[in-house]
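Reminder, nothing fancy here: chain letters follow the sequence lines and each chain counts from 1.
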There are 2 protein chains.
Amino acid sequence: MNELAPQDHAIEALAALAHETRLAVFRMLVKAGPGGLIAGAIAEKQGVPPSTMSHHLATLEHAGLVQSTRTSRLIHYRADYPGMRRLLVFLLADCCQGAPEMCGDLFADLNCPPTPLCNA
Amino acid sequence: MNELAPQDHAIEALAALAHETRLAVFRMLVKAGPGGLIAGAIAEKQGVPPSTMSHHLATLEHAGLVQSTRTSRLIHYRADYPGMRRLLVFLLADCCQGAPEMCGDLFADLNCPPTPLCNA
DNA sequence: GCCATATTTCGATAATTCTCGAATTATCGA
DNA sequence: TCGATAATTCGAGAATTATCGAAATATGGC
């Protein structure tokens, strides 16, 4: 229903990540892989009350950075890879006209093992 | 003096970009190239009062996303390419452990002409 | 149905950020 | 030095965001 302009979508994602707890949670979920983590465990790990964490997770989900599914009483949260990818592409988009040196050969600065996926 | 942890630095940059006017200004400066733009012109182009724009530019500069230099009465602002690059590298860093498909082959999604710099 | 568990939603306060006119600083030209 | 221009800093009100306990919702086991 609510189709947002690309830059508004990006602003929402940037704002969601611009918070100590939420950024830590998102990175934790990325590292956790596709299995994700349970809401309660996330809150405990970060040392914040469940209600506060619920707000943060809702913010991340609304921004398209995480996804959730319920299995019985537990709610699993996992990183939304395509969503994060959209943000990265948006941020990289302006490199072509104006500043290719800003993002050219980005992977050279990462300590990535040279796997096909990461350095593709 | 004030050496910030990497994630705090990233949060500052993310927060700086998570604002309609500031994001528009930063993208404008990236497109403008190394010559940058004059403060007054930026404010006029965005339709905000000079004092408001000054705050926004200071926020971007403090976050390490733009730089300024004065030439006589004019202050030139330009995108801080290494600064933005640091943010991108930080955001990409977790791909290696956990989710390489999140950022692998990112440039395939860009409408970049296949210049060596952009697709390096 | 009842109780326990997992999580969210509500609601109210605290903290932060945003905005912009007015005052201030800096620079130049005459 | 004076006046004009460019931009910033100050200050205060408006708007937004953050926090978290209490109440509500959802699920499963007995």
Whole angstrom value for the distance that separates P of D/dA18 from CG of A/L60: 11 Å
Sugar-phosphate, base or nothing in reach of A/S72, heavy atoms under 4.0 Å: sugar-phosphate
Close approaches to DNA chain D from residues 6-19 of chain B, in residue order (heavy atom, under 4.0 Å): none
Heavy-atom pair with the smallest gap, counting every atom of A/L23 and B/I11: CD2-CG1, 3.6 Å
Check: A/Q7 side chain, B/A24 main-chain N or O, donor-acceptor pair, under 3.5 Å: no
Pairs satisfying salt bridge (Lys or Arg N to Asp or Glu O under 4.0 Å), at least one member in residues 82-92 of chain B, at least two apart: A/D109-B/R85
Residue whose closest nucleotide on DNA chain D lies nearer the 5' end, B/A58 versus A/T71: B/A58
Minimum heavy-atom distance B/A16-B/L65, with the two atoms named: CB-CD1, 4.0 Å
Strand contacts (DNA chain C) in residues 43-51 of chain A, 4.0 angstrom heavy-atom criterion: A/P50, A/S51
Closest non-hydrogen atom pair, B/R22 against B/L60: O-CD1, 3.9 Å
Out of D/dA18, C/dT9, D/dT27, whichever nucleotide has its closest atom nearest the side chain of A/R22: D/dA18
A/H55: partners by side chain to side chain donor-acceptor pair (under 3.5 Å), with sequence neighbours left out: none
Salt bridge (Lys or Arg N to Asp or Glu O under 4.0 Å) involving B/R27 - partner list, sequence neighbours excluded: A/D94
Distance-only donor-acceptor test (3.5 Å): side chain B/H55, base C/dC18: no
Closest to side chain of B/S54, choosing from C/dC20, D/dT19, D/dT9: D/dT9
Can you pull every protein N or O that's under 3.5 Å from an N or O on nucleotides 3-6 of chain D?
residue	atom	partner	partner atom	Å
D/dA6	O3'	B/R73	O	3.4

Rounded distance (Å) that lies between atom P of D/dT16 and atom CD of B/E20: 13 Å
Set of residues satisfying side-chain contact (heavy atoms from CB on, under 4.5 Å) with respect to B/S72, sequence neighbours excluded: none
With sequence neighbours excluded, residues passing side-chain contact (heavy atoms from CB on, under 4.5 Å) with A/A79: A/F26, A/L29, A/V30, A/Y81
Contiguous Watson-Crick or G-U pair runs (3 or more, under 3.5 Å) in DNA chain C: C:1-30 with D:1-30
Sequence-distant partners of A/A43, side-chain contact (heavy atoms from CB on, under 4.5 Å), two or more places apart: A/M53
Side-chain H-bond candidate by donor/acceptor type, B/R78 with B/S68, under 3.5 Å: no
Sugar-phosphate only, base, or nothing, as touched by B/H56 at under 4.0 Å among non-hydrogen atoms: sugar-phosphate
A/E61 CD to C/dT8 P, straight-line distance once rounded to whole Å: 9 Å
B/E12: side chain to side chain donor-acceptor pair (under 3.5 Å) partners, not counting sequence neighbours: B/H62
Atom pair distance, as rounded to whole Å: CE in A/M53 and C1' in C/dT9: 17 Å
Test log, rule side-chain contact (heavy atoms from CB on, under 4.5 Å), inputs A/V89 and A/L92: CA-CA 5 Å; A/V89 167; A/L92 290 169; 5.7 Å; no
With sequence neighbours excluded, residues passing side-chain contact (heavy atoms from CB on, under 4.5 Å) with B/A18: A/L14, A/A15
Phosphate OP1/OP2 of C/dA6 contacted by A/Y77 side-chain N/O (<4.0 Å): no
